[in-house]
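All values below come from the heavy atoms of this structure, side chains included, with hydrogens, waters and symmetry mates left out. Numbered from 1 within each chain, the chains take letters A, B, ... in sequence-line order.
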Amino acid sequence: MLQLRDTLSGATRPFVPLNPDQIGIYSCGPTIYGPAHIGNFRSFLFADLLVRWLRASGRTVRWVVNLTDIDDKIIRAAAKEGVEIRPLTDRWESVFRSDMQALRMTEPDVMPRATEHIPEQIAIVERLLEKGHAYKTEDGSIFFRIASWPSYGTLARLDPEAMRVGERVEADEYSKDDVRDFVLWKAAKPGEPSWEASIGAGRPGWHLECSAMSMRYLGESFDLHTGGIDLVFPHHEDEIAQSEAATGKRFVGTWLHCAHLHVSGDKMSKSLGNIARVSDLLAEGVEPRALRLALISAHYRTSLNYTSDSLPAAVAAIERLDAFDAALSARAARGADAPGEVNTDVAELATSTRTRFAAAMNNDLAVPEALAALFDFIREGNRHLDAECSAASAVALRETLQSLDQTLALLPAAVTLPAGAEELLAARVAARAARDFAASDRLRDELAALGVLVEDSRDGQRWRIAGSN
RNA sequence: GGCGACGUACCCAAGUGGUCUAAGGGGGGGGUCUGCAAAACCCCUAUUCGCCGGUUCGAAUCCGGCCGUCGCCUCCA
């Protein structure tokens with residue numbers, strides 16, 4: 001039974017879906033005005049792991065990740081570059097999608113854009129106005145009235161009465177009834193995009209889009225909502241207020257928040273100049289699977305310290321995984337004609353590993369423990385290979401490895417050999433049969449130059465692809 | 001000022017009352033196997049969990065104090 005820690009209640013409790021036939025998950029996605037950094041992806045990959053684990057557990061999931069394509073930062077970025085907003089957001093959406101794919105993030109079922117869901121957002125504002133939870137100011141902006149929503153502050157554990165009044169109040173917010181009220185709809189201003197609407201021309205405030213799009217695709221009440229811990233307040237607090245005030249229903253069953261990633265102990269920030277962007281790292285030739293591993297290796301609720309050692313350590317771990325996978329394949333292939341039986345010990349190892357892995361993931365997604373189960377499995381599996389286990393055993397081990405990998409997504413992709421490698425491998429087999437080691441070594445070097453790592457074992461010559469795939 | 005989190009080996013990182021003389025990955029040292037290389041396996045690398053007290057038969061785990069780091073209260077994954 002999956003246990004999850006819910007931010008709102010503060011409790012770790014069994015996850016019971018509203019509708020067992022389809023679990024709805026909404027993850028606050030990126031604002032697409034620039035490249036995503038590894039901290040962003042830490043939280044997206046946390047959601048990916050959640051989705052993968054639920055699906056591996058046999059659940060049907062509908063996963064929605066929004067793209068924020070209208071806000072102050074985007075307007076500013078477009079103005080600065082002298083381009084229209086849409087081409088700018090299109091460009092960064094495609095960068096985001098390619099980062100996503102490289103890091104093996106599951107493709108969300110829906111990736112809605114805020115600007116394509118304006119009517120849904122307007123509808124929420126209309127409902128809030130009707131119910132007296134919202135009001136219009138002199139300039140035409142519309143605010144949510146916090147005083148009308150007594151439970152405001154519950155998620156973030158903030159006392160609304162004690163909330164410090166922000167020193168910086170925007171010019172267009174001077175007429176708010178209460179400085180703590182948040183904007184739902186920003187009145188149209190010259191030089192800014194706006195939409196004509198029954199509630200007056202304007203554009204949506206930031207929080208509104210997530211309420212509108214989550215409810216549009218998942219219903220007025222849905223199971224899981226994820227995001228970085230920094231979104232707890234005000235973003236998610238405001239989402240709850242505006243959604244529940246509009247519908248009168250419980251908005252989200254379980255709130256999940258991912259802790260921050262730090263770089264060598266510091267927060268990533270422009271002033272420190274320590275922002276590691278995913279697309280930059282990939283362009284530098286970083287193995288995407290190693291980056292994925294580095295970003296998922298700590299429990300999602302504790303901060304993760306990313307250092308200069310993180311990637312090399314992850315690369316080494318990935319190579320260990322690859323070598324094991326290649327060795328299992330070689331053993332399975334060598335004995336394909338007469339696979340024999342699965343050893344009792346192997347069968348037991350496979351079962352206990354799956355059990356241990358599942359227990360870890362069910363324990364509020366305890367990925368570090370799940371990875372410990374994986375690497376213990378690799379060591380035990382290698383021992384069986386060293387002890388010349390049957391081909392059937394190798395197949396069983398490989399199936400277990402692949403079943404864990406439905407969730408982890410770290411195994412090498414099915415690979416194709418570079419041009420000419422097939423012939424070189426065959427020539428090397430022949431050279432070794434003739435005990436011509438000089439030729440064998442030369443061919444190994446040639447293959448290495450092509451990116452094909454060759455190793456000799458009792459199962460004969462085996463190979464794997466170096467670097468990224 | 002208010003609220004909260006964290007401090008575990010050289011690095012990353014689990015564990016939150018006994019199975020801990022503390023998982024797992026990386027790194028380092030030694031060994032086995034091997035034509036060589038690589039991979040793999042074995043052994044070693046924290047009797048100790050920021051510091052000081054307390055509770056308990058028993059604490060890394062609970063309580064108090066102190067030191068340090070970080071987060072939120074304002075845009076942020």
Side-chain angles (χ1 to χ4, degrees), chain A residues 10 27-31 36-47 71-73 153 156-170 180 206 226-235 237 257-262 264-270 293-294 297-324 326-327 330 356 360 363 366-387 432 435-438 440-441 444-445 448 453-458 462-464:
Chain A
S27 301
C28 283
T31 300
H37 60 242
I38 58 178
N40 297 318
F41 265 95
R42 184 198 183 190
S43 90
F44 300 143
L45 290 176
F46 143 66
D71 84 332
D72 294 349
K73 293 191 297 286
R157 289 173 176 69
L158 288 173
D159 176 2
E161 295 306 316
M163 276 171 61
R164 190 161 64 177
V165 173
E167 291 85 30
R168 290 169 299 184
V169 178
E170 285 181 32
R180 301 166 311 176
W206 172 39
T226 77
I229 194 159
D230 51 339
L231 295 184
V232 171
F233 193 90
H235 187 53
E237 191 73 57
H257 291 99
C258 182
H260 275 148
L261 175 149
H262 294 262
S264 302
D266 294 317
K267 183 178 181 175
M268 269 198 289
S269 72
K270 282 182 184 164
L293 176 60
S297 61
H299 184 89
Y300 77 88
R301 281 192 287 105
T302 65
S303 58
L304 165 62
N305 193 23
Y306 181 88
T307 72
S308 59
D309 291 333
S310 299
L311 273 177
V315 166
I318 288 291
E319 282 176 358
R320 179 166 164 74
L321 183 64
D322 286 2
F324 180 56
R356 192 177 157 201
N363 178 24
V367 172
E369 289 174 47
L371 288 171
L374 169 71
F375 284 103
D376 280 341
F377 171 73
I378 291 174
R379 185 179 331 97
E380 294 291 328
N382 273 136
R383 251 184 229 161
H384 283 108
L385 284 170
D386 282 357
R432 294 185 62 74
R435 297 192 67 77
D436 181 354
F437 294 118
S440 166
D441 291 352
R444 181 168 61 202
D445 290 344
L453 302 181
V454 179
E455 295 163 0
D456 298 307
S457 73
R458 281 181 293 211
R462 68 185 179 219
W463 58 269
R464 60 194 159 94

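Of the nucleotides present, none pairs with A9(B) by Watson-Crick or G-U wobble criteria with both distances under 3.5 Å. In this entry U32(B) has A40(B) as its Watson-Crick or G-U wobble partner, both defining distances falling under 3.5 Å. Across all strands shown, U47(B) forms no Watson-Crick or G-U wobble pair with both distances under 3.5 Å. Figure legend. U16(B) is base-paired to no nucleotide; pairs are counted as Watson-Crick or G-U wobble with both atom distances under 3.5 Å. G64(B) is paired with C52(B) under the criterion used here, namely a Watson-Crick or G-U wobble arrangement in which both key atom distances are under 3.5 Å. Partner assigned to C70(B) is G4(B), using Watson-Crick or G-U wobble distances below 3.5 angstrom. Searching all strands for a Watson-Crick or G-U wobble partner of C75(B) with both distances below 3.5 Å returns nothing.
Which of A77(B), A39(B), C41(B) sits closest to the side chain of Asn382(A) comes down to C41(B). Out of A77(B), A38(B), A14(B), the shortest distance to the side chain of Phe44(A) is found at A77(B). Among the nucleotides C76(B), A39(B), A23(B), the one closest to the side chain of Arg462(A) is A39(B). Of the candidate nucleotides C70(B), C76(B), G24(B), G24(B) has the atom lying nearest to any side-chain atom of Ala372(A). The listed nucleotides are C70(B), C75(B), G26(B); the one nearest the side chain of Ala316(A) is G26(B). Relative to the side chain of Ser440(A), the nucleotides C70(B), G26(B), G35(B) differ in distance, and G35(B) lies closest. For Ala323(A), the side-chain atoms get nearest to A39(B) when compared with the rest of C73(B), A23(B), A39(B). Checked against C70(B), A23(B), A77(B), the side chain of Asp230(A) finds its nearest nucleotide in A77(B). With A38(B), C72(B), A40(B) as the choices, the nucleotide that has an atom nearest any side-chain atom of Arg320(A) turns out to be A40(B). Relative to the side chain of Thr302(A), the nucleotides A14(B), G25(B), C36(B) differ in distance, and A14(B) lies closest.
Trp463(A) has no side-chain polar atom (N or O) that falls below the 4.0 Å cut-off from OP1 or OP2 of A38(B). Put simply, Arg379(A) has a side-chain N or O that comes within less than 4.0 Å of OP1 or OP2 on G25(B).
Separating the CZ atom of Arg435(A) from the P atom of C36(B) is a distance of 11 Å, rounded to the nearest angstrom. Nucleotide G25(B) holds its C1' atom 17 Å from the CZ atom of Phe377(A), rounded to whole Å. Following rounding to the nearest Å, Phe437(A) (CZ) and C36(B) (P) show an atom-to-atom distance of 9 Å. Rounded to an integer number of Å, the gap from Leu304(A) CG to C6(B) C1' is 14 Å. As rounded to whole Å, 13 Å separates atom C1' of A22(B) from atom CD of Glu369(A). To the nearest angstrom, C1' of G25(B) lies 13 Å from CD of Glu319(A). The NE2-C1' distance, from His235(A) to C76(B), rounds to 11 Å in whole Å. Here the P atom of nucleotide C3(B) and the NE2 atom of His257(A) are 21 Å apart, to the nearest Å.
Within a 6.0 Å sphere centred on CZ of Arg458(A), other residues, nucleotides and ligands contribute more than 12 heavy atoms.
G25(B) and C63(B) have their C1' atoms separated by 35 Å, given to the nearest Å. Using atom C1' as the reference point in both G28(B) and C52(B), the two lie 34 Å apart (nearest Å). Taking the C1' atoms as reference points, U8(B) lies 12 Å from C20(B), given to the whole Å. Spacing of C1' atoms, U48(B) relative to G15(B), comes out at 14 Å, to the nearest Å. With both ends at atom C1', the span from U74(B) to A14(B) equals 35 Å, rounded to whole Å. Between C57(B) and C51(B), the distance separating the two P atoms is 25 Å to the nearest Å. Here, A60(B) and U21(B) have their C1' atoms 14 Å apart, quoted to the whole Å. Taking atom C1' in both G4(B) and A9(B), the straight-line distance is 29 Å, to the nearest Å.
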If you apply the rule side chain to side chain contact (heavy atoms under 4.5 Å, CB included), what do you find for Phe324(A) with Leu385(A), and how did you get there? CA-CA 9 Å; Phe324(A) 180 56; Leu385(A) 284 170; 4.1 Å; yes
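Side chains of Asp456(A) and Arg444(A) form a contact here, defined as non-hydrogen atoms less than 4.5 Å apart. In this structure, His37(A) and Leu261(A) have side chains that are not in contact, with every pair of non-hydrogen atoms separated by 4.5 Å or more. In this structure, the side chains of Ser27(A) and Phe46(A) stay at 4.5 Å or more apart for every pair of heavy atoms.
A donor-acceptor contact under 3.5 Å links the side chain of Asp456(A) to the base of C36(B). Residue Arg42(A) places no side-chain atom within donor-acceptor reach of the base of A77(B), judged by atom type and a 3.5 Å distance cut-off alone. Taking only distance into account, the side chain of Asp159(A) never meets the base of G2(B) through a donor-acceptor pair shorter than 3.5 Å.
Residue-level contact check: His299(A) touches the backbone only, with heavy atoms under 4.0 Å from sugar-phosphate atoms and none from bases. Within the nucleic acid shown, Asp309(A) comes within 4.0 Å of sugar-phosphate atoms alone, with no base atom in reach, counting heavy atoms only. Contact annotation for Arg458(A): no contact, since no heavy-atom pair falls under 4.0 Å across all strands. Residue-level contact check: Gly227(A) touches the backbone only, with heavy atoms under 4.0 Å from sugar-phosphate atoms and none from bases. Within 4.0 Å of Thr307(A), counting heavy atoms only, lie sugar-phosphate atoms of the nucleic acid but no base atom.
Ring orientation note: the planes of His235(A) and Trp206(A) are close to parallel, at an angle under 30° on the 30°/60° scale.
Positionally, the nearest nucleotide of RNA chain B for Arg157(A) lies more toward the 5' end than for the other of Arg157(A) and His260(A). Nucleotides of RNA chain B nearest to Ala373(A) and Gly228(A) differ in position, and the one nearer the 5' end is that of Ala373(A).
A salt bridge links Arg464(A) to Glu455(A): one of the charged nitrogens lies within less than 4.0 Å of a carboxylate oxygen.
A donor-acceptor pair is defined here as one N or O able to donate and one able to accept, closer than 3.5 Å; such a pair exists between the side chain of Arg42(A) and the backbone of Ala259(A).
When all heavy atoms of Arg462(A) and Ala330(A) are compared, the pair lying nearest together is CB-CB, 4.0 Å.
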